[in-house]
Amino acid sequence: MIRKVISGNEAVALGVKLARVGVTGIYPITPQTTIIEKLAEMRAKGEIETEIVRVESEHSAMAATFGAALGGVRAFTATASQGLLYMHEMIWWVAGSRVPVVMVVGTRAVGAPWNIWNEHTDFTSERDSGWIMAFASNPQEALDLTLQAFRISEDERVFLPMMVGMDGFILSHTKTNVLIPDQEQVDDFLLPRRQPYVIDPEDPIGMGNIFPPEGYMRLRESIDLALRNSEDIIKEIGREYNKKINPLGDYSTLNVSYKLEDADYAIVLMGAWAGDAMEAVDTLREKGIKIGMLRIRYLRPWSEKEIRNALKDKRAVLVLDRSTSFGRGGGPLYVEVKSTISDIVPQIKGVVSGLGGVTVNKSELLYIFNKFVEGLKDDVIWYYPKEVGKIELRTPRDIE
Amino acid sequence: MSLLEYQYFPVTRPNKGAGGRTGAWRIVKPVVDYNKCIGCKACFMFCPESTIVPSNGKVRVDYEYCKGCGVCANVCPVKAISMVNEQ
Ligand code: SF4
Ligand code: SF4
């Protein structure tokens, strides 16, 4: 194992290399592009044997990856924002086919208007597609979760695709210290690829063809059950990962608690701002405010048990969303958390912030947390760290 | 470990489809005279519906899908196939 200063995207590319991925369907989109650039570079140098399939859109990138996976090889792709939305149809097709595939999403705002910066709306909008969905909070976790994703997705008790989210730019382009496992360690951890069926001209099967209503519904239920049962399998694989690869990370739980045990107030969030939030929690703790944090690492499966357990007997819970669920008055995390704990926590508040790359650092988080502890009046607020200038709308020109 | 009970996959084996079934509208059907048939399989090659099935060196007609077009009867070099009225 070596330690290197690399970006999140490089960490993911190294994970793909170490997992001995057979085929990568690629189409570049900011901020994910450097993942595939790194892979192409490694391929050009002969460091990896991965077949890199360059395609003409994200829809095709997922289709090519899907085809390779059906053929029986470990397959990977990466995307972001509009690209993920363009893949949307194929994302459902892969999950419904129950075939193991791994994808990394360098999360980014969705247009219009055009915006290349970070938020989570692209990622969260896929939460009902049947994929296992993990979200990293630093480049190390992006690498670790990518490696675990292959193992989880190829487990015969799961057989579902898995995506790993990673904050665009904040993680994808920022370099930090990352522990890179040796090939032998990864070979010892990742089992040979398994999948429920393969396409093979010698033994033809029909896949994804028309299914009668009851058969279709039975398949839907099997996806739901496999996803919910994956919770224990993720923990089991996480413990093995701690032991065999990264003893410094802790993957024995789906979600991560910070100073929650004795806390009166709890913050719930997902992704890279967890680091700043932990510092903000420390500062408030020094002032004697009993506050803690729960970081959602797995959006799917949603660990109802873990989350209820972590947040029970809290006086109030604040959910931070970096994404939107329009028309609902709060972000997707707020809605999920509220439906999970509304009977055991008297006060649940929500804040939507950090959209489209809006900077939310420790000082902004401290401001939000302080307001929350004082008692936020509204259930959900949209928090802007800066004043937003008013833009004059143009009225249509009169046409004779 | 065996596959768990909840696992279910959207896979099927290739089979004849319900869509190609002829139904009740065919008027004439090909009948093979096995005393004449020499087993050349010309009918098998030319049947547009793939409903001539080679069997034991000769041929058999799959009447569930045969459309009664008569191509087989026309290509048979020894006139072993006659088109007979369904009724
Ligand atoms: S009648 Fe037409 S469809 Fe029927 S077996 Fe002959 S060629 Fe085929
Ligand atoms: S074409 Fe005539 S002779 Fe040849 S296999 Fe068919 S029925 Fe028999």
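Reminder, nothing fancy here: chain letters follow the sequence lines and each chain counts from 1.
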Nearest non-hydrogen partners of Pro10(B) and Gly96(A), listed with the distance: CG-O, 3.1 Å
Tell me whether Phe44(B) at atom CZ has more than 12 heavy atoms from other residues, nucleotides or ligands lying less than 6.0 Å away. no
Report, as yes or no, whether the 6.0 Å neighbourhood of atom OH on Tyr86(A) holds more than 12 heavy atoms from other residues, nucleotides or ligands. no
Determine all donor-acceptor pairs shorter than 3.5 Å in which one atom belongs to a side chain in residues 209-227 of chain A; sequence neighbours excluded.
| from | atom 1 | to | atom 2 | distance (Å) |
| --- | --- | --- | --- | --- |
| Asn209(A) | OD1 | Thr12(B) | OG1 | 3.3 |
| Asn209(A) | ND2 | Thr12(B) | OG1 | 2.7 |
| Tyr216(A) | OH | Arg220(A) | NE | 3.1 |
| Ser222(A) | OG | Arg98(A) | NH1 | 2.9 |
| Ser222(A) | OG | Leu219(A) | O | 2.9 |
| Ser222(A) | OG | Tyr8(B) | O | 3.3 |
| Asp224(A) | OD2 | Arg228(A) | NE | 3.2 |
| Asp224(A) | OD2 | Arg228(A) | NH2 | 3.0 |

Per-residue contact mode, Val158(A) against chain B (heavy atom under 4.5 angstrom): backbone
Other residues, nucleotides and ligands only: do more than 12 of their heavy atoms fall within 6.0 Å of CG on Asp128(A)? yes
Indicate yes or no: at least one non-hydrogen side-chain atom of Phe9(B) is less than 4.5 angstrom from one of Met207(A). no
Could you tell me if the side chain of Gln7(B) sits less than 4.5 Å from the side chain of Asn229(A), heavy atoms only? no
